[in-house]
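The structure appears below as structure tokens.
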Protein chains: 2
Amino acid sequence: MSTRRETVRQALTESSGFRSAQDLYADLRSEGSKIGLTTVYRALQALSDSGEVDVLRTDDGEAVYRACITDSHHHHLVCRGCGKAVEIEGPMVERWADSVGTQHGFTDITHTVEVFGTCADCAAAKG
Amino acid sequence: MSTRRETVRQALTESSGFRSAQDLYADLRSEGSKIGLTTVYRALQALSDSGEVDVLRTDDGEAVYRACITDSHHHHLVCRGCGKAVEIEGPMVERWADSVGTQHGFTDITHTVEVFGTCADCAAAKG
DNA sequence: GCGGATAACGAAAACGGTTGTCAAAATCCG
DNA sequence: CGGATTTTGACAACCGTTTTCGTTATCCGC
């Protein structure tokens, strides 16, 4: 009876990038769903166990999830001052991730890259 | 009066690798110190703020600290089946992240890289 | 359809690491 | 010594996550 699990999977797939369980819960509730937080967590755990989503931790310990898409993607260069994000591409990095994974006998390789910095404006503002 | 901060710094320096705040607290208590958990956290936070220790998060969200002002920045290749993690290095990626950030006028650049895959064992087990 | 076993659900409580509160103790300065 | 300031640590609050447990929905043999 994985209707709820499907719902969560879909919500995650539709949103790009990483979402926290609480984010997804808020999203679903605001869409009118009566899903419970517990179920969101359970679904994410199940999806994670079966390898359908990737999980990692933010700096403040929150778990964030991403639908596991092997499809090509881009990354973001995020300003830690104002949050401005620039889309960046790194074919070199894609190749590197694949090759390093393959070297260790891993298959079905995906990766995430986040680059953080202080943008020119914020650097200037800060003095 | 930063004897306590010194104590924590020293405890961290003496132990190799990553330790959690709770670990350090337990260590210090077992050595007879009457330090409080709050103080350990405060000291670690201060040390982290001043860049004297590195912080990261374990898979279950616990913060771990390492006295290390230097090198050994590495990433992880994580199996999405069994969770096994392999430490990987990618000087190329480090350089790429720096250069792409600089190109966009960003300074003070950091980055995170996570590579996910299915390890040989799990691929075999799964069929 | 009907009824009971089974699985999924969700509200609320429990949990564990972390952070905040606040009064007591230590330190500093005059 | 005495008062201002800082540091400390017991304790409570917090927050994301997990567990509990009673309710509800689904499945399956009749």
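Protein chains get the first letters and strands the later ones, always in sequence-line order, with residue 1 at the start of each.
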Going by distance alone, is a donor N or O of one side chain under 3.5 Å from an acceptor N or O of the other, for B/Glu6 and B/Gln10?
-> no
Would you mind reading off the distance between A/Asp60 atom CG and D/dC14 atom P, rounded to a whole angstrom?
-> 17 Å
Could you encode protein contacts along nucleotides 10-23 of chain C as a string, one character per nucleotide from 5' to 3', using B for base contact, S for sugar-phosphate-only contact and - for no contact, with a heavy-atom cut-off of under 4.0 Å?
-> BBB----SBBB---
Rounded distance (Å) that lies between atom P of D/dT7 and atom CG of B/Leu47 = 14 Å
Please walk me through it: do A/His111 and B/His75 pass ring pair (Phe, Tyr, Trp, His ring centres under 6.0 Å)?
-> CA-CA 11 Å; A/His111 64 274; B/His75 306 293; over 10 Å; no
Mind calculating the distance between CZ (A/Arg5) and C1' (D/dA25) to the nearest angstrom?
-> 18 Å
Whole angstrom value for the distance that separates P of D/dT7 from CG of B/Leu44 | 16 Å
Would A/Thr110 and A/Asp54 count as having a side-chain donor-acceptor pair, cut-off 3.5 Å?
-> yes
If you measure from CZ on B/Phe106 to CD1 on A/Ile88, what distance do you get to the nearest 0.5 Å?
-> 9.0 Å
Looking only at heavy atoms, which two atoms of A/Val55 and A/Ala63 are closest? And how far apart?
-> CG1-CB, 4.3 Å
Strictly by modelled atom types, are B/Gln45 and B/Tyr65 linked by a side-chain donor-acceptor pair under 3.5 Å?
-> no
